[in-house]
Amino acid sequence: MAGPAKITTKEQVEEFLNSYDDFLFDCDGVLWQGDQLLPYAAETLDLLRSKGKRLIFVTNNSTKSRQAYTKKFAKLGITVTAEEIFGSAYSSAIYLSKVVKLPKDKKVLVLGEAGIEEELASEGIQYVGGTDPSLRRDIAPEDYDKIVPDPSIGCVLCGLDLHINYLKLSMALINLQVPETIFLATNIDSTYPTNGKLFPGAGTMSAPLILASKRQPISLGKPSQAMMDCIKAKFDFAPARACMVGDRLDTDMRFGVEGGLGTLFVLTGVNTEADVLAADAPVAVKNYMSKLGDIYEILKN
Ligand SMILES: O=C(O)[C@H](O)[C@H](O)COP(=O)(O)O
Ligand SMILES: [Mg+2]
């Protein structure tokens, strides 16, 4: 099988665009780095919309809810509705409400930010932890007695927590030692690409709990096909006419390939050109480009 093809000419861009009706976009490392929009990303999205293409935004970043993401897009000058966004926080909330059917008297202990809390609330699910300011402190001697399994906690859910600490990890572990407590992760990305660097990813939040509890979480973010099935059910697209655009081989590209979609890889995030072209690359990518914005830039020249 021919290796990944780098798209650099007008003909290649047109052939690529004519191959797909639906585009699933990763966000961090594809559209933006942190709050910095990547070059010509907005123009490319507009161009795709003008050609009647459907856009779906699939991010593993659980720090924001779909509503919060519509505001981030707007701040960057891009109009996107909450309906077009499918994040790992939403995926986790849907899994708890529709698949697990978490009893109403049970709460979720959250290790993560407001995105998870808002999506759980939108599914009528109670939670503790998360952004609770009383937990943003060092553990105190009396905590070792006070922290006990809480029977009202039915699940521990781990996402990217920018305020992680020993106290939260302790509460989570003590509750995970109760076998009935469900262990979930919004995603297990090892790193978080922002500001041109790689910071600890959401996976580094659940890793200490995996080590200490000897339990593995169910991950609801890319490359989980449970997430893909939800997206297919909601958007009802033909996989062969849909393309997953991402900056990460082990999440975005695996997600697309295992879902039967086409793939476009961009070099503005986690993995490099060498990673994509490597004989032992974790997944075979169909096409790649230096950046998403090349679609607009190549066509306008
Ligand atoms: O650690 C994380 O959560 C991820 O690095 C990050 O959020 C990835 O987001 P995505 O690239 O899927 O938009
Ligand atoms: Mg990404």
Side-chain angles (χ1 to χ4, degrees), residues 23-38 41 45 55-66 68-70 72-73 76 78 80 84-92 110-116 119 130 157-164 184-210 217 219-225 227-228 230-231 243-256 259 261 263-272 275-276 282-283 285 288-293:
F23 289 83
L24 282 64
F25 284 102
D26 172 52
C27 299
D28 293 330
V30 171
L31 302 178
W32 50 59
Q33 280 258 350
D35 293 327
Q36 186 65 43
L37 196 59
L38 289 163
L45 297 181
L55 312 184
I56 305 164
F57 300 92
V58 186
T59 177
N60 268 1
N61 191 323
S62 64
T63 60
K64 287 185 174 62
S65 63
R66 289 159 298 152
Y69 271 115
T70 60
K72 175 168 183 172
F73 276 108
L76 295 168
I78 303 172
V80 169
E84 295 176 304
I85 300 168
F86 205 103
S88 64
Y90 176 58
S91 182
S92 305
V110 174
L111 269 62
E113 302 292 335
I116 296 175
E119 294 294 5
L157 173 57
C158 262
L160 186 58
D161 188 333
L162 308 175
H163 305 87
I164 194 74
L184 300 181
T186 57
N187 62 306
I188 50 174
D189 296 43
S190 53
T191 55
Y192 167 42
T194 187
N195 300 60
K197 286 167 268 185
L198 294 180
F199 289 82
T204 66
M205 313 296 153
S206 50
L209 296 174
I210 293 169
S219 174
L220 284 307
K222 298 168 288 183
S224 152
Q225 290 305 304
M227 187 186 204
M228 179 62 85
C230 287
I231 293 172
C243 183
M244 178 70 213
V245 183
D247 70 299
R248 227 192 153 97
L249 291 169
D250 60 355
T251 59
D252 308 317
M253 295 298 102
R254 182 178 297 285
F255 185 65
L261 281 65
T263 49
L264 172 68
F265 192 82
V266 296
L267 306 176
T268 44
V270 173
N271 290 112
T272 64
D275 296 336
V276 176
V283 65
V285 168
Y288 72 101
M289 297 177 95
S290 302
K291 64 181 190 297
L292 173 66

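Each residue takes its place number in the sequence, starting with 1. In listed order, ligands and their atoms are each counted from 1.
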| task | Kindly indicate, with the supporting measurements, whether the criterion side chain to side chain contact (heavy atoms under 4.5 Å, CB included) is fulfilled by D161 and E113. | result | CA-CA 6 Å; D161 188 333; E113 302 292 335; 3.3 Å; yes
Q225, CD: over 12 other non-hydrogen atoms inside 6.0 angstrom:
yes
Does L45 have more than 12 heavy atoms from other residues, nucleotides or ligands lying within 6.0 Å of its CG? yes
**OP:** Measure up the Y90 and F86 rings against each other and bin them: parallel (under 30°), tilted (30 to 60°), perpendicular (over 60°).
**Re:** perpendicular
*Going by an N to O cut-off under 4.0 Å, is there a salt bridge joining K222 and D189?*
no
When you check ligand 1 against the protein, what N or O pairs turn up below 3.5 Å? List the atom names and distances, or just say none.
from	atom 1	to	atom 2	distance (Å)
ligand 1	1 (O)	A202	N	2.8
ligand 1	3 (O)	N187	ND2	2.9
ligand 1	5 (O)	T191	O	2.7
ligand 1	7 (O)	D28	OD2	3.2
ligand 1	7 (O)	N61	N	3.4
ligand 1	9 (O)	D28	OD2	3.0
ligand 1	11 (O)	D26	OD1	2.7
ligand 1	11 (O)	D26	OD2	3.1
ligand 1	11 (O)	D28	O	3.1
ligand 1	12 (O)	D26	OD1	2.7
ligand 1	12 (O)	N60	N	2.8
ligand 1	12 (O)	K222	NZ	2.8
ligand 1	13 (O)	D26	OD1	2.9
ligand 1	13 (O)	C27	N	3.4
ligand 1	13 (O)	D28	N	2.9
ligand 1	13 (O)	T59	OG1	2.6

Counting backbone and side-chain atoms alike, does D28 have an N/O/S atom under 2.8 Å from the Mg ion (ligand 2)? yes
Among the N/O/S atoms of D26, the Mg ion (ligand 2) lies closest to OD2
Exercise. Does the D26 side chain pair with the main chain of D252, one donor and one acceptor, at a distance under 3.5 Å?
Worked result: no
Checking distances from the Mg ion (ligand 2), one finds that the N, O or S atom of D247 closest to it is OD1
The salt bridge (charged side-chain N to carboxylate O under 4.0 Å, His left out) partners of K291 (sequence neighbours excluded) come to D294, E297
